[in-house]
Amino acid sequence: MDILIVNDDGIYSPSLIALYKALKNKFEDANITIVAPTNQQSGIGRAISLFEPLRMSKVKLDKDIYGYAVSGTPTDCVILGIYQVLKKVPDLVISGINIGENLGTEIMTSGTLGAAFEAAHHGAKAIASSLQITSDHLKFRELDIPIDFSVPAEITVRIAEKYLKHDFPCDVINLNIPEKATLKTPIEITRLARKMYTTHVEERLDPRGRSYYWIDGYPIYDEKEDTDVYVLRKKGHISLTPLTLDTTIKNLDEFKKKYGEILKRV
């Protein structure tokens, strides 16, 4: 069995080693390959490098654990992992474990989800796994206290085992794990919320009096009870959202009946 791990946080993300070890413990005979960007690539979505060459180098991440660092996007990493390193489509691709949750329809901008969708596009089962990050976690990072990925890694691997054993009718599993999750934390199947953050633009002036802008926002908590945002942020449960590559409107026949004649007269 072949498993490919990608992470938009970069080749030196500490979650890669934790996930590799958890996978190896569960699937002893699996061929596990790590391919990740040389630099942080969050928020880049499913971008692909079509007009510039890519470089790839093998790097040591831990004792007996190596990975391939790619000078490109998470999507580039999936493509090189499949067609250059493995030279075949793996049984499973795990994108993550991302530092920070990926919720709501804003997943379209996520490098973590971009890599997972790319993997599914080429025929692999794909999981996007993300760990919730709060201000407490940020304080730990400022104090250089590492995030413990052992529990999120084990949860991800247990989901992967079920995904490989059963034929789930989806292209990608979007998994979001609360920061204080244990192996007994409930898992709920959810749908995407509309938004996970508010949108805010802050204008500032540089020393020469010219404007520049920061795009940011604040976490949203008040979403419907069956959404990923509510389950993760309000209930503190693990959110598992089955996703599909086909984003066509669900009631296409109704749309055709209602707007077909109108569009003929364009």
Side-chain angles (χ1 to χ4, degrees), residues 4-20 33-62 65-81 84-85 93-104 106-119 126-149 152-153 156 172 174-177 179 196-197 199-202 204 212-219:
L4 177 63
I5 307 174
V6 182
N7 194 311
D8 74 345
D9 290 324
I11 191 66
Y12 294 109
S13 173
S15 73
L16 284 171
I17 296 173
L19 184 55
Y20 181 97
T33 304
I34 296 173
V35 184
T38 54
N39 300 310
Q40 168 68 250
Q41 294 284 321
S42 293
I44 205 163
R46 200 175 161 186
I48 184 172
S49 300
L50 294 177
F51 302 106
E52 57 187 50
L54 296 169
R55 295 188 182 275
M56 181 169 63
S57 57
K58 194 172 184 178
V59 297
K60 186 173 184 178
L61 302 177
D62 196 39
I65 300 178
Y66 292 83
Y68 294 89
V70 174
S71 63
T73 70
T75 293
D76 295 333
C77 293
V78 171
I79 294 171
L80 289 183
Q84 185 60 36
V85 180
V93 174
I94 299 180
S95 182
I97 300 166
N98 188 67
I99 300 175
E101 59 265 48
N102 281 295
L103 305 167
E106 286 157 295
I107 60 169
M108 295 302 180
T109 65
S110 164
T112 300
L113 270 298
F117 278 120
E118 186 67 25
I127 296 175
S129 180
S130 304
L131 176 64
Q132 182 187 33
I133 295 296
T134 65
S135 57
D136 289 338
H137 263 137
L138 297 176
K139 290 176 183 176
F140 287 160
R141 293 177 69 184
E142 289 174 2
L143 296 172
D144 201 27
I145 299 173
I147 297 171
D148 184 359
F149 284 99
T156 301
V172 172
N174 187 30
L175 187 65
N176 282 278
I177 303 168
E179 60 172 343
M196 67 177 288
Y197 289 114
T199 303
H200 175 249
V201 177
E202 182 176 344
R204 298 181 184 179
Y212 66 97
Y213 306 91
W214 281 104
I215 298 175
D216 62 7
Y218 303 98

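Between Val172 and Phe117 the shortest heavy-atom distance is CG2-CD2, 3.8 Å. Taking every heavy atom of both residues into account, Ala126 and Ala116 meet most closely at CB-O, 3.3 Å. Scanning all heavy atoms of the two residues, the minimum distance from Ser42 to Asp9 falls at OG-OD1, 3.4 Å. Across Gly10 and Leu16, no two heavy atoms sit closer than the pair O-CD1, 3.6 Å.
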| field | From CA spacing to verdict: side-chain contact (heavy atoms from CB on, under 4.5 Å), Leu4, Val85 | value | CA-CA 10 Å; Leu4 177 63; Val85 180; over 6 Å; no
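Side-chain atoms of Ile177 and Thr156, non-hydrogen and from C-beta on, do get closer than 4.5 Å to each other. Between Ile17 and Ile34, the closest side-chain pair of non-hydrogen atoms is not below 4.5 Å. The closest side-chain heavy-atom distance from Tyr12 to Val59 is below 4.5 Å. By the 4.5 Å heavy-atom criterion applied to side chains, Val35 and Gln84 are not counted as neighbours. Counting heavy atoms from C-beta outward, Phe149 and Ile99 have side chains that approach closer than 4.5 Å.
No donor-acceptor pair under 3.5 Å is formed between the side chain of Asn102 and the backbone N or O of Ile107. Between the side chain of Glu106 and the backbone N or O of Tyr197 there is at least one donor-acceptor pair closer than 3.5 Å. Within the 3.5 Å criterion, the main-chain N or O of Thr134 finds no donor-acceptor partner in the side chain of Gln132. Formation of a donor-acceptor pair under 3.5 Å by the Ser95 side chain with backbone atoms of Thr112 is found in this model.
Residue Leu131 holds its CG atom at 8.5 Å from CD of Glu101, rounded to the nearest 0.5 Å. Taken from CD in Glu202 to NE2 in His200, the straight-line distance is 6.0 Å, to the nearest 0.5 Å. Atom OG of Ser129 and atom CG of Asn176 lie 8.0 Å apart (nearest 0.5 Å). Here Leu19 contributes atom CG and Ile97 contributes atom CD1; the two are 5.0 Å apart, rounded to the nearest 0.5 Å.
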Please tabulate, for side-chain N and O atoms in residues 67-79, each donor-acceptor pair with protein atoms closer than 3.5 Å (sequence neighbours left out).
residue : atom : partner : partner atom : Å
Ser71   : OG   : Arg55   : N            : 2.8
Ser71   : OG   : Arg55   : O            : 3.4
Thr73   : OG1  : Ala47   : O            : 2.7
Thr73   : OG1  : Thr75   : N            : 3.4
Thr73   : OG1  : Asp76   : N            : 3.1
Thr73   : OG1  : Asp76   : OD2          : 3.1
Asp76   : OD1  : Ser49   : N            : 3.0
Asp76   : OD2  : Ser49   : OG           : 2.6
Asp76   : OD2  : Thr73   : N            : 2.8

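Side-chain contact check for Ser15 and Asn7: at least one donor-acceptor pair (N or O, by modelled atom type) lies under 3.5 Å.
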